Amino acid sequence: MTPATERKLARNAARACLLIFLAIVVARFFVDIPYGWGWVPLGLWILITLGANRRAARAEGDGATGPAVAPVAVAAPVTGRWKALNSPADKVPSHGTRAYGQTYAIDIVAEPEPGSRPAFGWWPLVRRNEEFPAFGAPLLAVADATVVRAEDGSRDHLSRTSWPAAVYLLALEGPARALGGVRPMLGNHVILDLGNGVHALYAHVRRGSLTVRTGDRVRAGDPLGQCGDSGNSSEPHVHFQLMDAADPVTAQGVPFTWQGIGVPRNGEAFEAGTTRTTPAG
């Protein structure tokens, strides 16, 4: 059995255990089920998930001694002034998990000027995507590549940039999307084959904005689509990562560096196409 097959089986087994646990929780409202039964699938889900993460950590590097392979240099996927969030420059895995090949993933939000992005707070509960400067921003190919996946049929939802909406996202919406698998998590997305076993993934793309389709050849800097707010997203932003396979379910993360920029740290602002980085405003 190949490592990729093992990772896929582990992911499916973990999802099945979590579904069984939730089914038992719901069923207990209608029938008498011993309380302890629910802990069995929940415990298996935790053990399988931890085991999969440990195996991925051994293959990718543990984050303390550095990645197992050298970072791959590519162009930035955007232009203009942006700010980094959930950066692998600060923590590996950057998003707290190695699932879906996102060990070295980064999130970036557009801030043409300091403070131009709506702030997180108590009110309003949600915002329209058009209030965020990232929404509709062009996404660019980071290298000469072949498009191996292009999907943009999912809707862009309202933001989750208030405390009540964030709790809803973390406690209800996020877990529900995780049970649905890779598509509900990534939302609209495009995957490029850069060659030499390296693939680039752009997630949370704007619905209907993709200008490429599977099989297309692109050159570095070519437009691919627009930044959106689909999938497991709190606001319009770009989720970017490199991985070693076209399927995020079986892929492992690959570290990256953006030419002329590097890897900006959490809260660090940068301008694509220049070497200038500045503290967040």
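Quick caveat, the model's predicted, so the values are computed rather than measured. In what follows, residues are counted from 1 in the order of the sequence shown.
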- Query: Less than 4.0 Å between a side-chain N and a carboxylate O, is that true for Arg207 and Asp152?
  - Reply: no
- Ion pair present between Asp156 and Arg206, side-chain N to carboxylate O less than 4.0 angstrom? no
- Message: Before you tell me yes or no, could you show the steps for Asp107 and His95 under side-chain hydrogen bond (donor to acceptor under 3.5 Å, both in side chains), namely the whole-Å CA-CA distance, both residues' side-chain angles and the distance that decides it to 0.1 Å?
- Response: CA-CA 9 Å; Asp107 293 331; His95 286 57; 2.9 Å; yes
- Task: Look at the side-chain heavy atoms of Ile, Leu, Val, Met, Phe, Trp and Tyr, link any pair under 4.5 Å apart, and say whether Val78 and Leu194 land in one connected group.
- Result: yes
- According to the interplanar angle, ranging from 0 to 90°, do the rings of Trp163 and Phe120 count as parallel (below 30°), tilted (30 to 60°) or perpendicular (above 60°)? perpendicular
- State, yes or no, whether a side-chain contact exists between Pro264 and Trp82 at a heavy-atom distance under 4.5 Å. no
- Answer yes or no: is there a side-chain heavy-atom contact under 4.5 Å between Thr214 and Val148? no
- Task: In sequence, state the C-alpha distance, the side-chain angles, and the governing distance for Ser87 and Val263, and then conclude on side-chain contact (heavy atoms from CB on, under 4.5 Å).
- Result: CA-CA 8 Å; Ser87 170; Val263 184; 3.7 Å; yes
Has the side chain of [X] got a donor or acceptor atom that lies under 3.5 Å from a matching backbone atom of [Y]?
X      : Y      : answer
Asn188 : Val205 : yes
Glu235 : Arg117 : no
Asp193 : Gly195 : yes

- Centroid-centroid under 6.0 Å between His237 and His204 rings: yes
- Message: Would you say the ring centers of His239 and His189 fall short of 6.0 Å from each other?
- Response: no
Taking atom [atom1] of [X] as the centre, report whether more than 12 heavy atoms of other residues, nucleotides or ligands fall under 6.0 Å from it.
X      : atom1 : answer
Arg149 : CZ    : yes
Arg217 : CZ    : yes
Glu113 : CD    : no

- Item | Option among Val198, Thr257, Thr103 that satisfies the side-chain contact (heavy atoms from CB on, under 4.5 Å) test with Leu242 | Val198
- Partners of Val147 by side chain to side chain contact (heavy atoms under 4.5 Å, CB included), sequence neighbours excluded? Ala150, Val190, Leu192, Val212, Asp216, Val218
